[in-house]
Amino acid sequence: MSNIRHALNVKREEDFAKWYQEVISAADLAEESGVRGCMVIKPWGYGIWERIQRLMDDRIKQAGVQNTYFPIFIPLANFEREAAHVEGFAKEMAVVTHHRLIADGKGGLIPDPEAKLEEPLVVRPTSETIIGDAMSRWVQSWRDLPLMLNQWANVVRWEMRTRMFLRTSEFLWQEGHTAHATREDALEETHRALEMYRACVEEDLALPVIAGEKPENERFPGADETWSIEAMMQDGKALQAGTSHYLGTNFAQAANIQYQDREGTQQHCHTTSWGTSTRLVGGLVMTHGDDDGLRVPPRVAPHQVIILPILRDKPEDDALLAYCEDLRAGLAKHQALGEPVRVLLDKMPGKASAKRWDWVRKGAPIILEVGPRDMENGKVAAIRRDTLWNTESGKLATEFVSRDVFVSGIGQLLEDIQDSLFREASDRRDANITRGVTEWKDVVQFYKSNGKYPGWVEVQWSKPTGSALEKVVEQLKAEKLTIRNVPRGSEPADGVCIFTGEKAVERILVARAY
RNA sequence: CGGGGAGUGGCGCAGCCAGGUAGCGCACCUGUUUUGGGUACAGGGGGUCGGAGGUUCGAAUCCUCUCUCCCCGACCA
């Protein structure tokens, strides 16, 4: 318990924001770059992102969506077309105005005034406009629909305040863009993407989420409907982990995406867009991290098993390494969670004990220590990252098991870890959603008295619009609260609106958010 | 972008108020010791003190400007 000596210097309960940063650096995920709001993603962090990409990409392709790549630069005129979109993004755009540098005469360089672009290019904050432009050329007939595209790319949004992975000026993501003949088809796609995100994030990243529709004030600029999956972090705040938008015909009208229907008349397409980003890595940290660093769920772990030979700089090391290599090959032949087990034999020089703590902080699901005596006895010393400590003794809960038993059970073990991480997170999430609050003062009181771990509150409302909604948003803002979403498939409303006192029409989740 | 805080070897910090030419812990390297393990001891390497300009005989320390990061707010994935 208290005698446990943790691998990090900051504990979650002491200072969650500081702890988060320490995990990012201690787990070797990323570091500051010196460029405002931009980060360098290091091998372990990028490896996790690559796993997410891989699993998400498989799901995207299974749905019949094709990958493409569009330019990072968007002509200003192109970007200007959709009014709400412009209004939403204009204030956070990076703009390219010159194409050449010249010496400033003081040993430095400045943009060449002679090389000013006739029309500035904006760095994409998202690609609806430029992809819409292509769609207008690619779609002619109802036979061309649906057109379903995706791209993996970087985007730039000039953020006021940034946080590693959660909100950076440049981030990596996937953006799906589809065009359909009818509203029904586009809505179906919007929900299909949302469900795909729910499944990927819950099953692969082990982050329990609540899928639902965003209220009007939280909609994507230019969307008719915005849906999200919301995950609860360990400090009780909500993290939007993925969004899916039904764009109506707004972008189709702006970009002139039309098709000729079976009757020969021109119709505007109904489009959708949906995205998930490197923010998911931040969600992984704030959901599965503990006071010893990160815990990576096996499905997204670049390496699921780390073999650490206890090398002693002696001739016997060769035999031990051969034994470990044999162990590695044996494990790699097994399947876990539908894929070959990913094993790393860490032969890097250095003390095994120091390397063990490095892997603990990084969150490799299983660490195997193999010394000469293990080799002799045919055993391995196995450490499960998700249940690291023996809380009674305050020591690591290392298990000495027979090598053969361990190898044949690896698939089941990794599955157990994946499941238990998800269960731990979803139990915590469920325990911290409070339902049945009917008075606004109780909501205020709730957040006053649960400052450390606010959690979420479900309330009923009358779904006001326009200025009435603005008033509600102001009221929430005063308590640092936001409406997360209207959970999909929740019970119908049966009370009165907590804000207006009118008859309630639906249930919403209220929370503090990242 | 407003308010507050901070940038000193890889990490965490002291020194700055009362200018004199850089220090501690961890990590790292070498050696010895130890060997079911976050070992111990000894020796050693590494920093133009975020950057630029200024004051001064002399600046990590004082002044000006600037960049970056953190916290709070406004904005947002």
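Per chain, numbering begins at 1; letters A, B, ... match sequence-line order.
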I need the single residue from L280(A), I24(A), I48(A) that forms a side-chain contact (heavy atoms from CB on, under 4.5 Å) with V285(A). Which is it?
I24(A)
Have N377(A) and R403(A) got a donor and an acceptor in their side chains that come within less than 3.5 Å?
no
Nearest to the side chain of R167(A) - C76(B), C70(B), G36(B)?
C76(B)
D374(A) CG to G37(B) C1': how many Å, rounded?
11 Å
G36(B) OP1/OP2 closer than 4.0 Å to side-chain N/O of R373(A):
yes
Interatomic distance at P, C13(B) relative to C71(B), whole Å
14 Å
When you get a sec, tell me which of C72(B), C75(B), C69(B) is the closest nucleotide to the side chain of R36(A)?
C69(B)
Walk along nucleotides 39-51 of chain B from 5' to 3' and tag each nucleotide B, S or - by protein heavy-atom contact under 4.0 Å, base first, then sugar-phosphate.
S------------
When the C1' atoms of U61(B) and G19(B) are considered, how many whole Å apart are they?
6 Å
When the C1' atoms of C16(B) and G3(B) are compared, how many Å lie between them, rounded to an integer?
25 Å
Hunt down the Watson-Crick or G-U wobble partner of G73(B), both distances under 3.5 Å, from any strand shown, or write none.
C1(B)
Between G4(B) and G10(B), how far apart are the C1' atoms? Round to whole Å, please.
29 Å
Using the side-chain heavy atoms of E159(A), tell me which of these nucleotides is nearest: C1(B), G37(B), C76(B).
C76(B)
Can you find a side-chain donor-acceptor pair between E128(A) and S273(A) that sits under 3.5 Å?
yes
May I ask you to list the residues of residues 474-483 of chain A, by number, that have any heavy atom positioned under 4.0 Å from an atom of RNA chain B?
K477(A), K480(A)
How about F79(A) and H85(A): are their ring centres within less than 6.0 Å of each other?
yes
Nearest to the T162(A) side chain among C70(B), C71(B), G37(B), which nucleotide is it?
C70(B)
Would you mind telling me which of V370(A), L321(A), D317(A) makes a side-chain contact (heavy atoms from CB on, under 4.5 Å) with P309(A)?
L321(A)
Using OP1 and OP2 only, check whether a side-chain N or O of R163(A) sits under 4.0 Å from C71(B).
yes
Say we look at U35(B) and U21(B): how far apart would their C1' atoms be, to the nearest angstrom?
46 Å
Using atom P in both nucleotides, what's the gap between C41(B) and G50(B) to the nearest angstrom?
33 Å
d(CG, L239(A); C1', C76(B)) in whole Å:
13 Å
Using the rule side-chain contact (heavy atoms from CB on, under 4.5 Å), only one of L194(A), T190(A), T243(A), V65(A) pairs with W274(A); which is it?
V65(A)
Could you check whether the side chain of N9(A) and the base of G12(B) have a donor-acceptor pair of N or O atoms closer than 3.5 Å, going by distance alone?
no
R161(A) side-chain proximity, nearest of A74(B), C76(B), G37(B)
A74(B)
